[in-house]
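This report refers to the structure that appears directly beneath it.
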Number of protein chains: 2
Amino acid sequence: MLEAKLAEASILKKLLDAIKELVNDANFECNEEGINLQAMDNSHVALVAVKLQQTGFRKYRCDRPMPLGVNIASLTKVLKCAKDDDLCTLKAADEADVLNLVYEAKNSDRIAEYDLKLMDIDSDQLAIPDTEYDAYIKFPANEFSRIVRDLASLGESVRIDVSKEGVRFASDGEAANGSVLLKGQGPITGVTNRPKSSEEEDEDAEGSGVKKEDAAGAKEKPKVEEISEDDEEDEKPKVKKEKKTKVKKEKADGDVDMDGEDDEKEYEDEGEEEVDNEDSDEEGDGKKRKKKESSSGKSPKKPRTVNGQAKGKGKGKSKEDDGEDSEILIQMNSHVSLTFSLKYLVNFSKSASLTNKVELYMSNDVPLLVSYDFGPGYIRYYLAPKIGDD
Amino acid sequence: MLEAKLAEASILKKLLDAIKELVNDANFECNEEGINLQAMDNSHVALVAVKLQQTGFRKYRCDRPMPLGVNIASLTKVLKCAKDDDLCTLKAADEADVLNLVYEAKNSDRIAEYDLKLMDIDSDQLAIPDTEYDAYIKFPANEFSRIVRDLASLGESVRIDVSKEGVRFASDGEAANGSVLLKGQGPITGVTNRPKSSEEEDEDAEGSGVKKEDAAGAKEKPKVEEISEDDEEDEKPKVKKEKKTKVKKEKADGDVDMDGEDDEKEYEDEGEEEVDNEDSDEEGDGKKRKKKESSSGKSPKKPRTVNGQAKGKGKGKSKEDDGEDSEILIQMNSHVSLTFSLKYLVNFSKSASLTNKVELYMSNDVPLLVSYDFGPGYIRYYLAPKIGDD
DNA sequence: CATACGGACT
DNA sequence: AGTCCGTATG
């Protein structure tokens with residue numbers, strides 16, 4: 001049986017808001033690691049993958065793997081009956097045909113309980129190719145929302161170019177053409193980030209040995225996702241580190257002070273690694289920053305980077321993230337230029353309500369990965385590029 | 001070519017919001033003085049005239065007069081892509097068929113650029129008759145918004161009466177009749193205000209200290225007649241300070257001719273003083289005046305008229321400006337009673353987002369002038385009165 | 001016909 | 001800033 005207690009019903013509410021337009025029905029695949037959902041959008045153009053890690057729950061128990069087929073619209077309705085800060089417990093008996101949701105007000109003077117009917121859904125889980133990405137951008141989620149919404153008002157599609165200049169989003173429309181350039185802070189370095197698999201997340205979080213299958217290898221080889229069926233393509237998506245280095249690099253991006261405002265919060269040299277992740281810190285050209293980054297760049301054993309901490313269980317610092325909110329981190333191995341349908345990107349950008357950062361992973365001719373990591377898990381979208389130049 | 005940098009994109013956004021429902025397409029007439037737009041509303045009942053003075057820009061360059069025909073809806077779309085506090089630069093090459101808009105985030109980590117397609121628009125600029133107004137009211141813009149919205153919910157039109165009693169806005173409706181009386185602070189004096197031309201505005205801005213108070217004794221009787229060019233010589237139309245009246249009057253700035261009559265009155269600026277600023281573009285081109293006044297113009301802030309300070313009302317309202325916000329200044333030469341369509345007034349009142357004061361200029365049987373002066377320019381609406389008492 | 005997005009008003 | 005209404009899209 002399943003019993004999973006989430007500290008905030010709002011997390012589920014936002015999650016459902018984020019996918020309800022994309023997906024009609026989907027299986028919540030529950031196992032001891034947590035809950036996964038994977039589905040193609042209605043037109044089979046985009047893929048959405050959600051993970052709620054076991055560690056993200058206040059309490060989590062799942063004796064055996066079980067797929068819970070739910071109608072997303074129905075679940076959305078039921079979730080609307082929860083207050084944002086209610087404790088939310090999902091329960092399902094083995095072989096149950098209903099999912100039981102219990103909402104407890106924080107002060108526990110109110111308990112609401114709903115039973116959502118389940119359905120059998122063919123889980124045609126699509127395999128997510130394990131990809132090496134040539135470009136990685138992490139920036140404020142609302143910035144992304146803004147850009148795609150703005151451009152969507154002009155045209156149908158957007159071309160995203162990642163170059164040394166930065167990231168450019170450009171769209172041509174009837175009445176006007178538009179382009180937005182994000183410059184990023186600091187030098188553009190090679191890609192050192194990659195989507196972490198759920199196991200990695202777990203490990204990052206607590207290093208618990210709970211992981212299953214490829215536990216061991218997981219960290220080393222970045223696998224994108226656990227695909228069910230045919231993930232025989234074993235090339236792990238480790239990012240290409242080949243051309244990683246960019247010429248100019250001096251300070252880590254954390255040091256940059258865009259606004260010119262004096263940051264009194266100077267980086268404490270220890271404790272907090274704020275941003276790192278750039279493998280190439282070797283420069284040490286006497287910039288004011290102290291080296292915090294000691295890892296050897298080439299093979300990030302554990303690409304720990306702030307990312308990890310931020311999202312990970314080490315919740316300790318969720319707030320500090322804000323300090324990072326306005327940062328734009330761009331990593332690139334080679335020039336990438338892809339065109340996507342704005343309609344989908346606008347849809348994806350709804351997930352901004354879950355977290356304040358979004359990560360884009362791109363390589364030419366490969367689906368774009370848009371990833372939002374939030375406290376208890378992540379939601380990732382894959383969208384194939386348009387071909388030709390329509 | 002044109003290159004005009006505005007410190008806040010929000011100014012343009014608000015301006016467009018203010019006119020987009022009234023106008024579909026319009027020419028932005030750019031010349032070395034600044035940018036003018038003049039258009040009839042879609043039903044040819046109201047006229048809107050906008051001026052953005054060259055001094056209102058962070059940077060301004062316009063080598064030769066050029067009309068930029070834009071579709072207001074398209075420009076509105078493009079402007080929505082700007083953040084309110086973005087620096088906004090308008091650029092157009094000579095004979096260009098696109099208007100280029102560049103938005104720079106204050107911290108410059110984001111640069112967005114849009115090209116808006118231009119169109120050829122027949123500029124049937126209507127002449128705005130030079131009018132002597134018998135009544136002038138300056139009061140909080142949101143007060144005006146409130147009054148017209150309230151009355152619009154009752155009836156179709158409003159009768160505005162200016163008498164010694166104050167200004168009364170009255171509307172009769174099916175279910176109820178309503179009337180709002182504004183009393184104004186201080187005694188009601190003769191009209192000393194008139195719509196100022198942009199040059200005058202400039203002067204006010206800087207010469208403010210310079211004004212001599214009620215220069216002439218004419219104060220009591222605003223004469224409407226002297227339209228001379230001499231306006232600049234003495235003080236700018238300063239309004240009376242304290243209760244005293246100032247009288248200044250000269251020509252109104254534009255000549256509108258709602259009816260289509262054209263009386264072009266040319267105001268040549270006499271060599272020294274500038275006063276012109278007619279919206280009438282046709283001639284506008286011909287008269288290119290150079291700004292002589294530029295000197296102290298560096299702070300083109302809102303030309304605060306003396307009024308503000310003068311009135312010592314004990315308003316202790318909130319912000320500093322508010323001190324003036326609640327002031328109601330009424331000047332009148334003779335009783336004025338006019339009826340207008342509320343629908344239009346409600347529309348005009350949207351400009352309240354641009355500034356916190358509105359000025360009404362009225363004379364019997366003549367179009368009402370509703371003027372909003374904001375930092376870099378002004379927006380004025382002319383609306384013919386209803387006749388009979390429908 | 002229903003859903004979602006954008007704009008307006010309080 | 002939030003809510004509601006209207007418009008547009010699927």
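By convention in this document, chain letters (A, B, ...) are assigned in the order of the sequence lines, proteins followed by strands, and residues within each chain are numbered from 1.
Per the geometry, CG belonging to Asn142(B) stands 15 Å off P belonging to dC9(C), to the nearest Å. The distance from atom CG of Asn42(A) to atom C1' of dT3(C) is 13 Å, rounded to the nearest whole Å. Atom CG in Asp150(A) sits about 15 Å away from atom P in dC5(C), given to the nearest Å. Residue Lys20(B) contributes atom NZ, which lies 13 Å from atom P of dG6(C) at whole-angstrom precision. Distance Ile19(A) CD1 to dT3(C) C1': 17 Å, rounded to the nearest Å. Distance Lys343(A) NZ to dA8(D) P: 19 Å, rounded to the nearest Å. Atom-to-atom, CG of Leu154(A) to P of dG6(C) comes out at 13 Å; the value is rounded to the nearest Å. In this structure, Asn24(A) atom CG and dG10(D) atom P are separated by 16 Å, rounded to whole Å.
Listed nucleotides dG7(C), dA4(C), dT10(C) differ in distance to Lys80(B); the shortest reach to its side chain belongs to dG7(C).
Nearest heavy atoms, Ala46(B) versus Tyr344(B): CB-CD2, 4.0 Å.
Checking side-chain atoms of Asn177(A) against main-chain N and O of Gly173(A) turns up a donor-acceptor pair under 3.5 Å. Arg146(B) places no side-chain N or O within donor-acceptor distance of the main-chain N or O of Ala141(B), the cut-off being under 3.5 Å.
With a 6.0 Å radius and a threshold of 12 heavy atoms from other residues, nucleotides or ligands, Lys83(B) has its NZ atom at or below the threshold.
Close to dT10(C), at under 4.0 Å from its OP1 or OP2, lies a side-chain N or O of Arg149(B).
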